[in-house]
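Everything on this sheet refers to the single structure shown next.
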Amino acid sequence: MNIEGWTFMVALGFNAAISVRVSNELGAGHPNTAKFSVIIASITSLLAGVFLSLVLLFSRSWYPPLFSNSEEVQQVVYELTPMLAVTIIVSSLQPTLSGVAIGAGWQAYVAYVNIACYYLFGIPIGLTLGFLLDIGVKGIWYGMLAGMTLQTGVLIMMVLRTNWNKEASLARDRIKQWGGDSEVKENGENLVS
C-alpha cells in the first residue's frame, strides 16, 4: 500500500495538471489544443506507470525486506508484486482521465461512474472473491482492481467520444453565465468588453 500510495502521488500530479490545462484551453476556445493535451497527458501518465511498474517488477526480490523482517510477509509481498504492478499501471491513467473530466466540467457524470464501478461492481466482486470464495486479500484486491479498470475503461470511452468543439462552446456558455468575458481572439487573448 505504501508503494501504491507513492506512485499514486505521481498520478495526482497529472490529474491536477490536465484538469487546469483542459479547463483553460476549453475556456480560451482552443478545443484542438485541449484534445492534444489530453492525449499527451494520458500517454505520459501511462508511460510513467509502466516505468514504475517495471522498476518494481525488476526489484521484487530485494525490496520486500525494506518493509518487514518476516520471511512469510516478504514471500507474500513477492507474490503480490505483479498484481501491484498492474494496479500501478491502471491507477496511473485513471486519475489523469478523471482530471480531464474535472477540467471539462463532467464532475457529476464521473461521480456516477465512480459509484457504479466501485460500489456496484468492484466491491461486490472483491467481497465475493475475498470472503465467499475464500481467496483472501488477493480476492479483495482483484475486486478493487476490476472496479478501477472498469472505471478507467468508461473514462477512456467518454474521452474518445468527446466532441471537443462542443465542449469549448459549452465552456464559453458557462463563462457568459458566470459573468466572464467569453470573446476570444484567434491568438487566445481576451477581447476587452
Side-chain angles (χ1 to χ4, degrees), residues 1-57 81 83-123 125-126 140-175 178 180 188:
M1 292 309 297
N2 284 332
I3 292 172
E4 169 62 18
W6 293 337
T7 59
F8 193 70
M9 292 300 136
V10 175
L12 286 180
F14 283 105
N15 172 288
I18 195 61
S19 173
V20 170
R21 181 68 185 220
V22 165
S23 63
N24 285 344
E25 295 301 341
L26 291 177
H30 302 137
N32 291 332
T33 307
K35 181 180 179 180
F36 180 73
S37 299
V38 169
I39 293 168
I40 295 302
S42 297
I43 291 170
T44 306
S45 66
L46 188 60
L47 289 175
V50 169
F51 173 76
L52 293 170
S53 292
L54 288 174
V55 168
L56 194 64
L57 286 171
T81 297
M83 188 183 305
L84 176 59
V86 172
T87 302
I88 289 170
I89 292 170
V90 175
S91 69
S92 69
L93 183 57
Q94 184 270 338
T96 303
L97 296 174
S98 291
V100 171
I102 292 166
W106 309 333
Q107 293 90 332
Y109 299 118
V110 174
Y112 293 125
V113 170
N114 287 348
I115 290 169
C117 291
Y118 286 110
Y119 293 102
L120 302 178
F121 184 74
I123 291 175
I125 288 175
I140 295 169
W141 199 341
Y142 283 137
M144 293 310 295
L145 183 57
M148 188 186 328
T149 303
L150 178 62
Q151 180 191 25
T152 303
V154 170
L155 292 173
I156 288 170
M157 292 308 300
M158 287 174 66
V159 169
L160 289 175
R161 300 177 95 186
T162 298
N163 179 337
W164 292 101
N165 292 320
K166 180 182 174 188
E167 293 302 322
S169 176
L170 292 171
R172 279 193 300 273
D173 292 344
R174 285 191 294 267
I175 292 169
W178 297 331

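All values reported here derive from a predicted model rather than from experimental measurement.
Among all heavy-atom pairs drawn from W164 and A34, the shortest one is CE3-CB, 4.2 Å. Among all heavy-atom pairs drawn from C117 and V154, the shortest one is SG-CG2, 4.5 Å. Taking every heavy atom of both residues into account, V110 and A101 meet most closely at CG2-CB, 3.2 Å. Contact record, L84 with W141: CA-CZ2, 3.7 Å, taken as the closest heavy-atom pair. The two residues P95 and A11 have their closest heavy-atom pair at CG-CB, 3.6 Å. Of all the heavy atoms in I175 and G27, the pair that sits closest is CD1-O, 3.6 Å.
Note that the CD atom of E4 and the CG atom of L52 stand 10.5 Å from one another [nearest 0.5 Å]. Remark: I125 CD1 to M144 CE distance equals 10.5 Å, nearest 0.5 Å. Atom-to-atom distance recorded for K35:NZ and I40:CD1 is 12.5 Å, nearest 0.5 angstrom. The structure places CG of L93 at 10.5 Å from CG of L47, a figure rounded to the nearest 0.5 Å. Taking CE of M1 as the start and OG1 of T87 as the end, the distance is 9.0 Å to the nearest 0.5 Å.
Under the side-chain hydrogen bond (donor to acceptor under 3.5 Å, both in side chains) criterion, Y118 pairs with Q151, not counting sequence neighbours. Legend: residues meeting side chain to side chain contact (heavy atoms under 4.5 Å, CB included) with Y109, ordered by chain and number and at least two apart, are W106, M158. With sequence neighbours excluded, the residues that form a side chain to side chain contact (heavy atoms under 4.5 Å, CB included) with L120 are A116. Applying the side-chain hydrogen bond (donor to acceptor under 3.5 Å, both in side chains) rule to S92 yields no partners; only residues at least two apart in sequence or on another chain are considered. Applying the side chain to side chain contact (heavy atoms under 4.5 Å, CB included) test to S53 and every residue at least two apart in sequence or in another chain returns A85, I88, I89. Q107 meets the side-chain hydrogen bond (donor to acceptor under 3.5 Å, both in side chains) test with no other residue; sequence neighbours excluded. The side-chain hydrogen bond (donor to acceptor under 3.5 Å, both in side chains) test applied to T7 returns no partner, not counting sequence neighbours. For N165, the side chain to side chain contact (heavy atoms under 4.5 Å, CB included) criterion is met by P31, N163, not counting sequence neighbours.
The shortest distance between side-chain heavy atoms of S169 and R172 falls below 4.5 Å. Counting heavy atoms from C-beta outward, F14 and L97 have side chains that stay 4.5 Å or more apart.
The salt bridge (charged side-chain N to carboxylate O under 4.0 Å, His left out) analysis of residues 143-169, with sequence neighbours excluded, yields no pairs. For residues 5-16, there are no salt bridge (charged side-chain N to carboxylate O under 4.0 Å, His left out) pairs, not counting sequence neighbours. Sorted by first and then second residue, the salt bridge (charged side-chain N to carboxylate O under 4.0 Å, His left out) pairs involving residues 9-25 (not counting sequence neighbours) are R21-E25. Pairs passing the side chain to side chain donor-acceptor pair (under 3.5 Å) check and including a residue from residues 39-51, sequence neighbours excluded, read S45-T96.
Counted within 6.0 Å of CZ on F51, heavy atoms from surrounding residues, nucleotides or ligands total 12 or fewer; the atom is thus considered open.
The main-chain N or O of N15 is never found under 3.5 Å from a side-chain atom of S19 such that the two would form a donor-acceptor pair.
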